There are 2 protein chains.
Amino acid sequence: MKSSTSQEIQLKWNADAFVPRVSIDLVIFGFHDGQLKVLLLRWKNGEDWMLPSGFILHEEDMENAAHRSLQQRTGLQSVFLQQFHTFGEADRFKHFSKQETMRRLGFPGDTDEPLFRRHVSVGYYALVEFAEVVPTPDELTDECRWWDVEEVPPLLFDHNDMIRLALKVLRRQLSYQPIGYNLLPEKFTMPELQRLYETILGQPLDRRNFQKQMLGYGILERLEERKTGGAHKAPYLYRFDKEKYEQALDDGMSTHGL
Amino acid sequence: MKSSTSQEIQLKWNADAFVPRVSIDLVIFGFHDGQLKVLLLRWKNGEDWMLPSGFILHEEDMENAAHRSLQQRTGLQSVFLQQFHTFGEADRFKHFSKQETMRRLGFPGDTDEPLFRRHVSVGYYALVEFAEVVPTPDELTDECRWWDVEEVPPLLFDHNDMIRLALKVLRRQLSYQPIGYNLLPEKFTMPELQRLYETILGQPLDRRNFQKQMLGYGILERLEERKTGGAHKAPYLYRFDKEKYEQALDDGMSTHGL
């Protein structure tokens, strides 16, 4: 079993194919029904969890490399990835035993293997509806699993720091950019939108202020129909005005409110 | 003249000292009296303008490398640098003739010189009061000059794109983070603060909305004294509450307004 793993890796991994010393790490948040999760991989033959990561081919744009890596390592496609920070501390590999990991993955004892030299790592994040995607482990991975953001285990390298920062940036993004286009049904109610925001922020919001701010962005269209089926008075349905939504994404609503 | 330049560079430049394939580019905005400028360097023996840039020493944190590079290339110190984006397009070197530049800088004809291989570049920006700093060219540079942001010439590599994006991020930053602590005198009037914001945004702002938003951040302290010397009614003086200001910087005011 172990020798076959070792062989697979050596067949597929070729350090020469990639731009050295630069890696990509992917923080994929999953939203579903009031829960916020993050996608982690468990490395072959062990209990080490980490973010999905990858490298850049020599002639490849970095953004394409991020999408290719996500697809190869988890099977996820067509995800809106956003760069959020590049991690360049000299001791990024502190939570990591090189020898031990190399042995387990079946690399030969050459400690100068390029994979394990210092890398500067570019972080991307995404937010997906996790009920709609089925992550699939690659040959380096025993398992892909969604973890609650509050229950992430100690990860390899600086990956816990990465998740913390990505969450901070995602939360900040809510204050200047609309989100939710790919996370809600086409028609949704204001309470559904508020629940999405509350889940990401991890705190309750004032209903009236929330509604005022959302309508103030000018990206929501209120429909004539109301939601049916509830016990209470049927709430209005809204949908995103796609053109204005995309314009707002592009602008980052930089001067909104000034 | 040319051979002495060549010698200087070969004495100082040692590709082995640095993490390969990763560079740092610095977009230094200068604010002064209603003007917004950006600091550019002119490479030795030519008319090519570019941003100040640098590389990371093997045992050095990337952020320290950014500060060291700024200091070595321009003489500027103690500047608050903020990472804004990492540039990883495969054709970043499109506006750049490798052979021509190497010849001019006095490198030998070895086209595999590591300096000219593909680099992924991490962009940092800063905003300084440009009347207070005197940039000093290093040995690779004939001249450091402040250019009006609206009049930047065609630059080497993707440096025009970098300035455009840094300006966009700086403008966006105004909507969720206070700025100005190092750009205004300790005590300032609301019109002075508004002028700073208008200069950065490149557009006039409504006086009353501006005042309301600034006070809403809870980081300004109104003083008992008023500004004297003007022809009109003396305006109030304000100062930043340093503790709250730093807290706001740290939070990014992520949930402000929600």
Side-chain angles (χ1 to χ4, degrees), chain A residues 18-24 56-66 83-92 117-124 167-177 194 197-198 201-203 205-206 209-210 212-214 216 250-258, chain B residues 18-24 56-66 83-92 117-124 167-177 194 197-198 201-203 205-206 209-210 212-214 216 250-258:
Chain A
F18 300 104
V19 176
R21 305 310 196 94
V22 183
S23 61
I24 288 171
I56 308 169
L57 294 165
H58 285 294
E59 304 294 326
E60 186 181 39
D61 288 347
M62 184 170 69
E63 193 171 314
N64 294 343
Q83 203 194 103
F84 70 98
H85 190 75
T86 295
F87 297 80
E89 285 73 35
D91 69 343
R92 289 191 50 237
R117 291 184 196 153
R118 174 184 181 182
H119 284 72
V120 168
S121 194
V122 184
Y124 286 82
L167 190 55
K168 189 173 167 175
V169 173
L170 171 65
R171 286 173 172 168
R172 174 187 299 168
Q173 193 194 356
L174 295 186
S175 70
Y176 64 83
Q177 249 177 7
Q194 181 169 341
Y197 272 64
E198 288 177 335
L201 290 172
Q203 60 182 58
L205 301 171
D206 178 77
N209 283 350
F210 179 77
K212 194 174 148 201
Q213 175 160 0
M214 286 303 118
D250 196 47
D251 292 350
M253 294 201 157
S254 59
T255 59
H256 180 80
L258 277 179
Chain B
F18 300 104
V19 176
R21 305 310 195 95
V22 183
S23 61
I24 289 171
I56 308 168
L57 294 165
H58 285 293
E59 303 295 327
E60 186 180 38
D61 287 347
M62 185 169 69
E63 194 170 312
N64 294 344
Q83 202 195 104
F84 71 96
H85 189 76
T86 295
F87 296 81
E89 285 71 35
D91 70 345
R92 287 190 51 236
R117 291 181 195 153
R118 175 184 181 183
H119 283 72
V120 168
S121 194
V122 184
Y124 285 82
L167 190 55
K168 188 172 166 175
V169 173
L170 171 64
R171 286 173 172 167
R172 175 187 298 167
Q173 193 193 355
L174 294 186
S175 71
Y176 64 83
Q177 251 178 4
Q194 182 169 340
Y197 272 65
E198 287 177 336
L201 291 172
Q203 61 182 55
L205 300 172
D206 178 76
N209 283 350
F210 179 77
K212 193 175 149 200
Q213 176 160 0
M214 286 303 119
D250 195 49
D251 292 349
M253 293 201 155
S254 58
T255 59
H256 180 81
L258 277 179

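Labels below follow one simple rule: chain letters A, B, ... track the order of the sequence lines, proteins then strands, and each chain is numbered from 1. Just so we're clear, the structure is a prediction, and the values are computed from it rather than from any experiment.
Looking at A/H119, there are no atoms closer than 4.5 Å to chain B (heavy atoms on both sides), in backbone or side chain.
B/Q83 places a side-chain N or O within 3.5 Å of a backbone atom of A/T86 that can act as its donor or acceptor partner.
Considering only heavy-atom pairs separated by less than 4.5 Å from chain A, the leading option among B/H85, B/E89, B/K212 is B/H85.
Side-chain contact between A/R118 and B/I56 is present, with heavy atoms from C-beta onward closer than 4.5 Å.
For the residue pair B/E59 and A/A90, the shortest heavy atom distance occurs at O-CB, 3.6 Å.
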